[in-house]
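Before any comments, here is the structure.
Protein chains get the first letters and strands the later ones, always in sequence-line order, with residue 1 at the start of each.
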Amino acid sequence: MDERYEAQAIEPKWQAEWERSGLYLTAEDRSRPKFYLLEMFPYPSGEGLSVGHLHNYVPCDVSGRFHRMRGYNVLHAMGWDAFGLPAENDALLKKLHPKQTVPRYAANFKRQLKLAGCAYDWTREINSSTPEYYKWTQWFFLLLYRRGLAYRAVGAQWWCEKCLSILANEQVIDGCCWRHTDTPVTKKELEQWYFKITAYADRLLEDLDTIDWPERIKLMQRNWIGRSEGAELSFPVADHPGEQVKFFTTRPDTVFGVSFMVLAPEHPLVARITSPQQRAEVESYIAQARRQSEIERLSTIKEKTGVFTGAYAHNVFTKENIPIWIADYVLMGYGTGAIMAAPGEDQRDFEFARKYHLPIPRVTAPADGSRPPADRAYTDHGVTVNSGFISGMPTAEAIAAVAKYAQENNIGRPTVSYRMRDWLISRQRYWGCPIPIVYCKKCGIVPVPEDQLPVILPDMVDYQPSGTGRSPLANLPEFVNTACPGCGGPAERETDTMDGFACSSWYFLRFASPHETRAPFDREAVDYWLPVDLYVGGAEHAVMHLLYARMWTKVMYDAGLINFKEPFPVLRNQGIIWAADGQKMSKSKGNVVTPDAMVDKYGADALRLWELFMGPFEEPTNWNEDGVVGTARFLTRVWNFVRRYVEAGCPQGNPGEQTRRKTHQAIRTATDHVERLRFNTALAALMDELNYLARLEPAEIGREAVETYVLMLAPMAPHIAEEMWRALGHTDSVHLQNWPGFDPALARDEVVTVVVQINGKVRDKLEIAADSAEDQVRQRALQSAAVQRHLDGRTPKKVIYVPNKLLSIVV
RNA sequence: GCGAGAGUGGCGGAAUGGCAGACGCGCCGGACUUAGGAUCCGGUGCCGCAAGGCGUGGGGGUUCAAGUCCCCCCUCUCGCACCA
């Protein structure tokens with residue numbers, strides 16, 4: 001071993017050697033237990049990886065290496081989420097083609113991951129923008145189509161002026177585009193393809209209970225799905241025979257308190273029922289609502305506004321005619337776009353009724369007999385009053401009674417409503433997976449037959465989005481014009497491409513058999529490897545990728561393609577690493593720290609250790625380069641410790657009892673903490689052990705302590721561990737060894753410190769043989785001078801003994 | 001507004017209701033050095049010469065014992081935000 005630890009000298013050497021020997025290739029030994037470790041599919045951006053990104057990749061790498069040493073067959077592979085708007089927007093900005101930029105960026109990511117010593121089986125690398133991959137994305141589209149889960153519909157949809165494309169609901173954040181957070185989305189009327197994710201709403205909701213995910217993420221999905229039970233009812237419109245207002249309510253028990261109705265301004269009924277006198281006012285209100293941005297419209301602070309249509313609905317329960325209004329607090333996108341207003345029991349309706357002097361009947365009274373508050377709605381459950389046949393019923397009973405009555409009298413039925421809408425997947429952009437559909441005048445919508453897949457994304461020089469609502473592919477006659485697969489006659493191809501999230505909805509299956517050409521995956525390989533044992537990624541995908549991938553998995557399950565219902569039974573979110581200034585790391589802010597710079601300065605192992613040590617894996621924290629100095633220093637100390645031992649001739653040694661105990665305790669702690677992804681404290685345990693061992697002589701340390709130390713360091717600092725392992729005389733890689741086990745008997749403390757408290761204050765500490773009897777401990781304590789001083793002659797009233805920990809005396 | 005999470009030394013952070021501050025950074029002192037952003041040794045929550053006292057956002061409570069459990073309040077982060 002060299003006298004000085006030089007990371008730059010040993011790291012490239014071992015990386016080359018591991019690659020040469022195929023150390024990280026996945027073993028296809030299906031007799032062993034498997035461990036499928038996966039990080040979320042990264043989009044390889046032109047900025048490259050920062051030390052922030054590594055806070056995901058390094059800990060995962062440690063977990064993978066750890067599991068490999070524990071005897072698992074580990075699948076850990078990497079690929080690129082290369083299709084989609086981010087890649088295309090970047091290429092447009094740089095006046096290049098994504099076909100050039102994507103491979104270049106991906107290669108850079110790969111180089112950086114290797115630089116950091118992350119162990120992937122690169123023979124399994126995938127790229128969603130290659131025909132070998134997107135052929136199967138198209139195949140899945142057809143699977144969904146066949147199963148009635150892909151359909152075309154016209155509707156007003158979210159449009160981003162910067163993306164020049166339609167977006168899915170999930171991709172609109174605070175009224176802005178998820179990729180352009182300063183750009184409010186607008187609505188555009190287009191015919192689009194949808195995936196029927198709502199058909200899976202209940203299962204997506206229920207199965208959340210079966211998976212081990214952060215509660216926060218589960219909650220976000222539950223809220224996003226937004227299931228609510230209630231009833232759909234309808235009231236006839238007075239003087240408009242045949243017209244009805246259909247509405248959804250979660251509180252059918254309040255129907256007797258309904259004093260007006262409200263429609264969304266876009267509701268189709270508005271045009272048909274508005275009276276001539278009200279027409280001008282109604283139309284101007286609709287125009288104004290349309291002009292408002294989504295943010296303005298959804299602002300809850302804003303005072304509610306609305307306009308009377310001049311029409312009345314007949315409340316079939318009270319037999320009264322009630323006015324129909326339009327107001328923008330009613331959303332066309334939820335329920336039926338119409339509500340019954342029960343101002344006594346709904347705060348929004350209450351505010352609206354107050355403003356426009358509409359009646360506020362009270363039909364729910366608090367169960368305790370008190371009066372409902374006068375200045376607001378009473379929204380809690382209670383007892384129904386002033387409500388005909390349901391008067392006197394508790395709210396829950398009244399809800400059921402009205403739903404039953406409605407059904408029996410053809411007024412409505414109990415129903416469930418969801419906040420989640422179907423997933424809109426059409427994108428009017430070039431850089432995406434072509435939708436495998438053909439339009440024929442004679443046959444209509446015709447799916448491209450499987451044997452004609454993939455529909456190749458043609459090369460295009462001029463691929464700028466047009467903004468017309470059609471993809472640039474529409475400008476390529478040789479792409480558009482085709483023969484109908486059904487009748488052979490002239491037909492046109494679909495020119496929209498798929499949302500990039502389609503590609504990432506099945507990629508986790510592809511890693512099991514990445515080169516399979518006859519199917520998206522090999523069934524046997526998937527049966528062995530899937531589902532993913534540990535999935536790690538950022539929380540920002542809570543309602544996008546994670547929801548979509550779950551849906552596709554359920555579709556595949558239903559189709560009998562796979563035997564599991566959830567793709568990611570265990571999910572963890574790594575904490576975000578902010579820049580040193582507390583802001584997001586970004587090129588534009590000039591605060592990005594690259595792994596390249598850190599490796600250059602301190603070495604990959606030191607960088608890796610700091611990524612692990614800087615804080616709990618799942619907690620966010622700020623980047624602080626000073627910490628890398630600390631872990632680099634630690635590695636130097638390890639180096640010198642092992643070097644001293646090697647230079648002493650690697651003595652078997654005769655370690656004392658305490659040294660052996662320290663060693664076995666360190667193994668116990670490190671094993672437990674790495675298992676639970678508590679890398680910071682696992683490393684602290686190793687540092688602590690080094691502090692103890694480093695002051696001993698080589699013969700006192702002995703081979704067991706040194707070797708287990710190097711083995712435990714191996715997943716975290718693979719290069720230095722390999723170098724030291726070889727220096728200890730081994731010819732095979734440290735990464736092929738077993739993780740050390742510990743002997744609980746050896747790890748057990750023989751002598752423990754028992755704290756003596758008097759009235760809750762620590763007055764003395766006793767060194768006592770472990771598991772001493774209480775009597776002995778008590779006797780020892782009473783002999784203590786400090787204890788006697790503080791007892792001051794008083795007799796103990798009560799004594800509590802916690803074995804091996806504490807003796808608490810109360811006087 | 002609603003929901004979730006968090007608040008511990010100068011800093012990052014440790015602590016199944018049982019010695020608060022492990023481990024590291026920084027800082028102070030020392031050793032070795034021509035030199036130090038190298039290495040090694042010691043110290044380092046606050047007040048106090050000491051004995052001791054005080055300390056986990058603030059206030060109350062439960063307990064022999066509270067960073068940890070309960071109630072109220074403050075601050076920060078995230079998510080949702082007229083979903084009928």
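OP1 or OP2 of B/G3 has not a single side-chain nitrogen or oxygen of A/K218 nearer than 4.0 Å. Taking side-chain N and O atoms only, A/R4 has no distance below 4.0 Å to OP1 or OP2 of B/U39. Phosphate contact (OP1/OP2 of B/A6, side-chain N/O of A/R216, threshold under 4.0 Å): absent. For the OP1/OP2 pair of B/G18 and a distance below 4.0 Å, the side-chain nitrogens and oxygens of A/S808 include no atom meeting the criterion. For the OP1/OP2 pair of B/C80 and a distance below 4.0 Å, the side-chain nitrogens and oxygens of A/R419 include no atom meeting the criterion. Checking the phosphate oxygens (OP1, OP2) of B/G79, no side-chain nitrogen or oxygen of A/R222 falls inside 4.0 Å. For the OP1/OP2 pair of B/A51 and a distance below 4.0 Å, the side-chain nitrogens and oxygens of A/R763 include no atom meeting the criterion.
A side chain to side chain contact (heavy atoms under 4.5 Å, CB included) with A/I339 is found for exactly one of A/F248, A/Y329, A/F260, A/Y334, namely A/Y329.
In this structure, of B/C82, B/A84, B/C40, it is B/C82 that holds the atom nearest to the side chain of A/D328. Side-chain proximity of A/R633 to the nucleotides B/C80, B/A84, B/A38 is greatest for B/A38. The side chain of A/T753 has B/C19 as its nearest neighbour among B/C19, B/A22, B/A84. The side chain of A/T681 approaches B/A14 more closely than any other nucleotide in the set B/A14, B/G26, B/A84. Here B/A84 is the nucleotide among B/A14, B/A84, B/C82 with the atom lying nearest to any side-chain atom of A/S228. Across B/G18, B/C78, B/A84, the shortest atom-to-atom separation from the side chain of A/K805 is found for B/G18. Proximity note for A/D626 (side chain, C-beta onward) versus B/C25, B/A84, B/G18: the nearest is B/C25. Taking every side-chain heavy atom of A/Y602 into account, B/G37 is the closest of B/C82, B/G12, B/G37. Considering only the side chain of A/M687, B/G24 comes nearest among B/G12, B/G24, B/A84. In this structure, of B/A84, B/A15, B/G12, it is B/G12 that holds the atom nearest to the side chain of A/F613.
B/A51 and B/C41: their P atoms are spaced 28 Å apart (whole Å). Atom C1' of B/A14 sits at a distance of 5 Å from the matching atom of B/A22, rounded to the whole Å. Separating the P atom of B/C2 from that of B/C46 is a span of 41 Å, rounded to the nearest Å. For the P atoms, the distance from B/C19 to B/C69 is 16 Å, rounded to whole Å. For the P atoms, the distance linking B/C74 with B/C23 amounts to 38 Å, nearest Å. B/G12 and B/G7 are spaced 15 Å apart, taking the C1' atom of each and rounding to whole Å. Comparing the same atom, C1', in B/C80 and in B/U63 gives a spacing of 39 Å after rounding to whole Å. Straight-line distance between the P atoms of B/G24 and B/U44: roughly 14 Å, to the nearest whole Å.
Among the heavy atoms of the strands lying under 4.0 Å from A/V755 is at least one base atom, whether or not backbone atoms are also near. In this structure, A/G630 reaches the sugar-phosphate backbone alone: every heavy-atom distance under 4.0 Å involves primed, P, OP1 or OP2 atoms, never a base. Among the heavy atoms of the strands lying under 4.0 Å from A/L219 are primed sugar atoms or P, OP1, OP2 only; no base atom is included. Within 4.0 Å (heavy atoms only), A/R421 reaches no atom of the nucleic acid at all.
Cation-pi check for A/R550 over A/W224 is not met; the charged atom does not lie both under 6.0 angstrom from the ring centroid and within 45 degrees of its normal. Figure legend: cation-pi geometry between A/K584 and A/W578 absent, as NZ or CZ is not positioned both under 6.0 Å from the six-membered ring centre and within 45° of its axis.
Between A/M340 and A/G615, the one whose closest nucleotide on RNA chain B sits nearer the 5' end is A/G615. The residue among A/V543 and A/N680 whose nearest nucleotide of RNA chain B is located toward the 5' end is A/N680.
When Watson-Crick and G-U wobble pairs are counted only if both distances are under 3.5 Å, B/A31 pairs with B/U39. B/G79 is paired with B/C2 under the Watson-Crick or G-U wobble criterion, all donor-acceptor distances under 3.5 Å. Look at B/G26: its Watson-Crick or wobble partner, with both distances under 3.5 angstrom, is B/U44. Remark: B/G7 base-pairs with B/C74; criterion is Watson-Crick or G-U wobble with both hydrogen-bond distances under 3.5 Å. The base-pairing partner of B/A14, taking Watson-Crick or G-U wobble contacts with both distances under 3.5 Å, does not exist among the strands shown. Of all nucleotides present, none satisfies the Watson-Crick or G-U wobble test against B/G67 with each distance under 3.5 Å.
Following rounding to the nearest Å, A/E689 (CD) and B/G24 (C1') show an atom-to-atom distance of 17 Å. If you take CH2 of A/W610 and P of B/G13, they are 9 Å apart, rounded to a whole angstrom. If you take CG of A/N691 and C1' of B/C40, they are 13 Å apart, rounded to a whole angstrom. Protein atom NZ of A/K761 is 15 Å distant from nucleotide atom P of B/C19, rounded to whole Å. Counting to the nearest Å, the C1' atom of B/C78 and the CG atom of A/N223 are 13 Å from each other. At whole-Å resolution of the value, NZ in A/K798 and C1' in B/A65 are 10 Å apart. Atom CD of A/E619 and atom C1' of B/C78 are 12 Å apart (whole Å). If you measure from atom CG of A/L683 to atom C1' of B/C25, you get 13 Å, rounded to the nearest angstrom.
Between A/E345 and A/R251 there is no salt bridge, since no side-chain nitrogen of the basic residue lies less than 4.0 Å from a carboxylate oxygen of the acidic one. Under the 4.0 Å criterion applied to side-chain N and carboxylate O atoms, A/R4 and A/D2 are not assigned as salt-bridge partners.
Within 90° of 0 lies the glycosidic angle of B/G9, which makes this nucleotide syn.
Contact annotation: the side chain of A/N691 approaches that of A/R637 to within less than 4.5 Å [non-hydrogen atoms, C-beta and beyond]. Within the 4.5 Å cutoff, no side-chain heavy atoms of A/N804 are placed close to those of A/D749.
For the residue pair A/D253/A/T384, the side-chain donor-acceptor check at 3.5 Å is not satisfied.
Looking only at distances, a side-chain donor or acceptor of A/Q788 sits under 3.5 Å from a matching main-chain atom of A/L782.
Side-chain N/O atoms of A/K765 and base N/O atoms of B/C19 include a donor-acceptor pair closer than 3.5 Å.
Annotation for A/R222: atom CZ counts as buried by contact number, over 12 foreign heavy atoms lying within 6.0 Å.
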